[in-house]
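Okay, so here's the structure we're looking at.
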Amino acid sequence: MCELSGNVLYGRSSFELPCTGDWIIFQPFDDNKGIIIDILPRKNTLYRRKSGTISDRQAIASHIDKAFIVQSLDANFSVRRTERFMFQVLEENIQPILILTKSDVEFNPHQVDESLKHIVRQIPVFFTSILSPETILPVRKFVSQGESIVFVGSSGVGKSSLINVLCERTVFLTAEISKSSGKGRHTSTRREMVLMDDSGILIDTPGVREFDLASDNSSALANMFDVSDFAESCRFENCMHVDEPACAVVEAVNRGLLEPDVYRSYLKLRQESWHFSTSEYEKRKRAKSFARISDEAKRIKKR
């Protein structure tokens with residue numbers, strides 16, 4: 001158990017405080033107790049926009065090699081939610097892998113395949129069921145020794161159950177399927193790290209209902225949705241791909257070359273990304289103004 005030193009607690013922004021996966025420097029002062037005095041530089045950190053804020057970020061896990069985006073094939077399945085996770089993961093140079101759980105339930109394979117066409121071209125996808133161990137084996141082989149892998153997804157999709165099967169032992173408690181809703185029940189309440197025998201490190205995270213973007217890279221967003229290929233043929237370089245004349249992206253949608261649902265999802269996430277970046281700019285602008293005022297106050301005090 002460690003506490004934060006005053007320098008760490010009050011000298012850093014909330015998203016810079018220690019998160020799962022961070023490497024820290026601490027000073028022990030009692031049995032199993034210590035004080036965190038510094039945090040080593042992060043890399044490959046997965047962020048999300050902090051709930052209830054406009055532009056504040058929340059660090060989920062750091063020093064991550066791969067992210068298992070877990071989606072269940074029951075009524076909880078949502079390709080739009082997968083896109084959100086995938087974009088944020090790619091932004092941090094983390095390799096995303098889509099894990100579709102509960103393949104033993106009744107679902108429409110053709111409908112799922114069609115909705116994931118733009119995703120399977122970019123990342124590996126696994127169909128799994130904890131009732132069929134052979135479907136978990138390819139996933140286990142995808143975990144290399146020494147790698148850190150974070151599991152993300154909504155509540156009840158089976159993240160904890162999947163980790164138990166991958167580790168071949170009961171690591172986390174799981175709950176039965178709810179008879180009233182037919183959905184899994186949320187059991188993880190905090191982020192935890194698990195060491196697989198002779199393999200990698202798995203990080204379980206609580207399920208989230210909303211995963212808001214914490215990135216302003218609209219170009220990367222266009223690449224992920226295959227919009228950039230068409231955008232190169234637009235008449236205007238600053239085309240918004242909405243109602244401008246000779247917009248090649250809109251034409252691609254009308255000709256069936258770009259799925260309307262994919263196009264609408266791109267516009268929605270782009271708007272959210274722009275909103276985040278504008279807010280970040282305003283926040284930096286206010287911070288610079290405050291710094292100038294502080295410097296002026298110091299000069300007046302010296303006089």
Side-chain angles (χ1 to χ4, degrees), residues 43-50 53-58 64 66-67 69 71 77-98 100 108 110-125 152-153 208 210-286 288:
K43 67 175 184 178
N44 297 14
T45 303
L46 180 60
Y47 293 98
R48 61 175 288 196
R49 182 160 61 85
K50 192 174 181 180
T53 68
I54 295 176
S55 61
D56 290 337
R57 294 188 295 170
Q58 176 185 4
I64 302 301
K66 295 174 182 174
I69 303 170
Q71 283 271 310
F77 176 76
S78 170
V79 66
R80 306 282 84 89
R81 192 180 299 117
T82 297
E83 291 165 348
R84 286 178 170 274
F85 284 119
M86 179 177 165
F87 174 63
Q88 194 66 50
V89 166
L90 286 171
E91 274 297 275
E92 303 300 334
N93 295 318
I94 301 170
Q95 182 183 3
I97 295 94
L98 178 58
L100 298 172
N108 188 325
H110 177 72
Q111 185 177 355
V112 172
D113 290 343
E114 284 296 308
S115 66
L116 294 175
K117 281 194 304 184
H118 62 299
I119 290 178
V120 297
R121 289 196 294 265
Q122 304 179 62
I123 68 173
V125 179
V152 293
V208 293
E210 296 293 336
F211 189 87
D212 297 320
L213 299 184
S215 171
D216 58 358
N217 193 340
S218 56
S219 297
L221 194 63
N223 289 332
M224 192 187 90
F225 282 94
D226 294 333
V227 169
S228 55
D229 293 339
F230 300 109
E232 294 176 355
S233 301
C234 289
R235 176 186 297 178
F236 305 107
E237 290 186 2
N238 61 344
C239 184
M240 300 287 289
H241 314 310
V242 179
D243 54 6
E244 291 83 358
C247 173
V249 174
V250 173
E251 182 181 355
V253 176
N254 294 333
R255 293 175 57 191
L257 301 177
L258 183 63
E259 292 293 330
D261 288 343
V262 174
Y263 168 69
R264 284 190 290 268
S265 183
Y266 160 72
L267 292 181
K268 181 179 180 179
L269 295 185
R270 186 187 66 179
Q271 182 179 10
E272 185 177 323
S273 176
W274 282 353
H275 182 66
F276 177 83
S277 64
T278 300
S279 301
E280 281 288 304
Y281 169 76
E282 292 298 329
K283 189 164 62 174
R284 288 195 296 269
K285 188 177 179 181
R286 288 196 297 269
K288 289 180 180 178

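Just so you know, these numbers use all the heavy atoms, side chains as well, and skip hydrogens, waters and symmetry mates.
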[atom2] on [Y] to [atom1] on [X], rounded to 0.5 Å:
| X | Y | atom1 | atom2 | result |
| --- | --- | --- | --- | --- |
| Leu46 | Phe85 | CG | CZ | 8.5 Å |
| Asn108 | Asp113 | CG | CG | 9.0 Å |
| Met224 | His118 | CE | NE2 | 6.5 Å |
| Cys247 | Arg235 | SG | CZ | 11.0 Å |
| Lys66 | Ile123 | NZ | CD1 | 12.5 Å |
| Glu259 | Phe225 | CD | CZ | 13.0 Å |

Any heavy-atom pair between the side chains of [Y] and [X] that's under 4.5 Å?
| X | Y | value |
| --- | --- | --- |
| Ile119 | Val79 | yes |
| Leu100 | Val125 | yes |
| Tyr47 | Glu92 | yes |
| Pro96 | Leu90 | yes |
| Gln88 | Ile94 | no |
| Ile64 | Thr45 | no |
| Cys234 | Val249 | yes |

**Study point:** Closest approach of Thr82 to Leu98 (non-hydrogen atoms, all atoms of both residues)
**Key:**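 The pair with the smallest heavy-atom distance is CG2-CD1, 3.9 Å.
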Point to revise | Minimum heavy-atom distance between Val242 and Arg270, given as atom pair plus value | key: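 Closest approach of Val242 to Arg270, heavy atoms only: CG2-NH2, 3.8 Å.
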Point to revise | Heavy-atom neighbours of Gln271 CD exceed 12 at 6.0 Å | key: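 Atom CD in Gln271 is not crowded, with 12 or fewer foreign heavy atoms closer than 6.0 Å.
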Could you pull out all donor-acceptor pairs under 3.5 Å where a side-chain atom in residues 261-268 meets a protein atom, sequence neighbours excluded?
residue: Asp261; atom: OD1; partner: Arg264; partner atom: NH2; Å: 2.4
residue: Tyr263; atom: OH; partner: His241; partner atom: O; Å: 2.5
residue: Ser265; atom: OG; partner: Arg80; partner atom: NE; Å: 3.4
residue: Ser265; atom: OG; partner: Glu83; partner atom: OE1; Å: 2.4

Applying side chain to side chain donor-acceptor pair (under 3.5 Å), name anything that partners [X], two or more places apart in sequence or on another chain.
| X | value |
| --- | --- |
| Asn223 | Ser228 |
| Arg121 | Asp226 |
| Glu91 | Ser215, Asn217 |
| Glu251 | none |

Review point. Any salt bridge between Glu272 and Arg84, counting N to O under 4.0 Å?
Key: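 Yes, charged N to carboxylate O under 4.0 Å.
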Review point. Counting distance only, does the side-chain N/O of Arg255 pair as donor-acceptor with the main-chain N or O of Val250 below 3.5 Å?
Key: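 Pair absent, no side-chain N/O of Arg255 close to backbone of Val250.
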Check your understanding: Who passes salt bridge (charged side-chain N to carboxylate O under 4.0 Å, His left out) against Glu114, sequence neighbours left out?
Key ->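 Expected list: Lys117.
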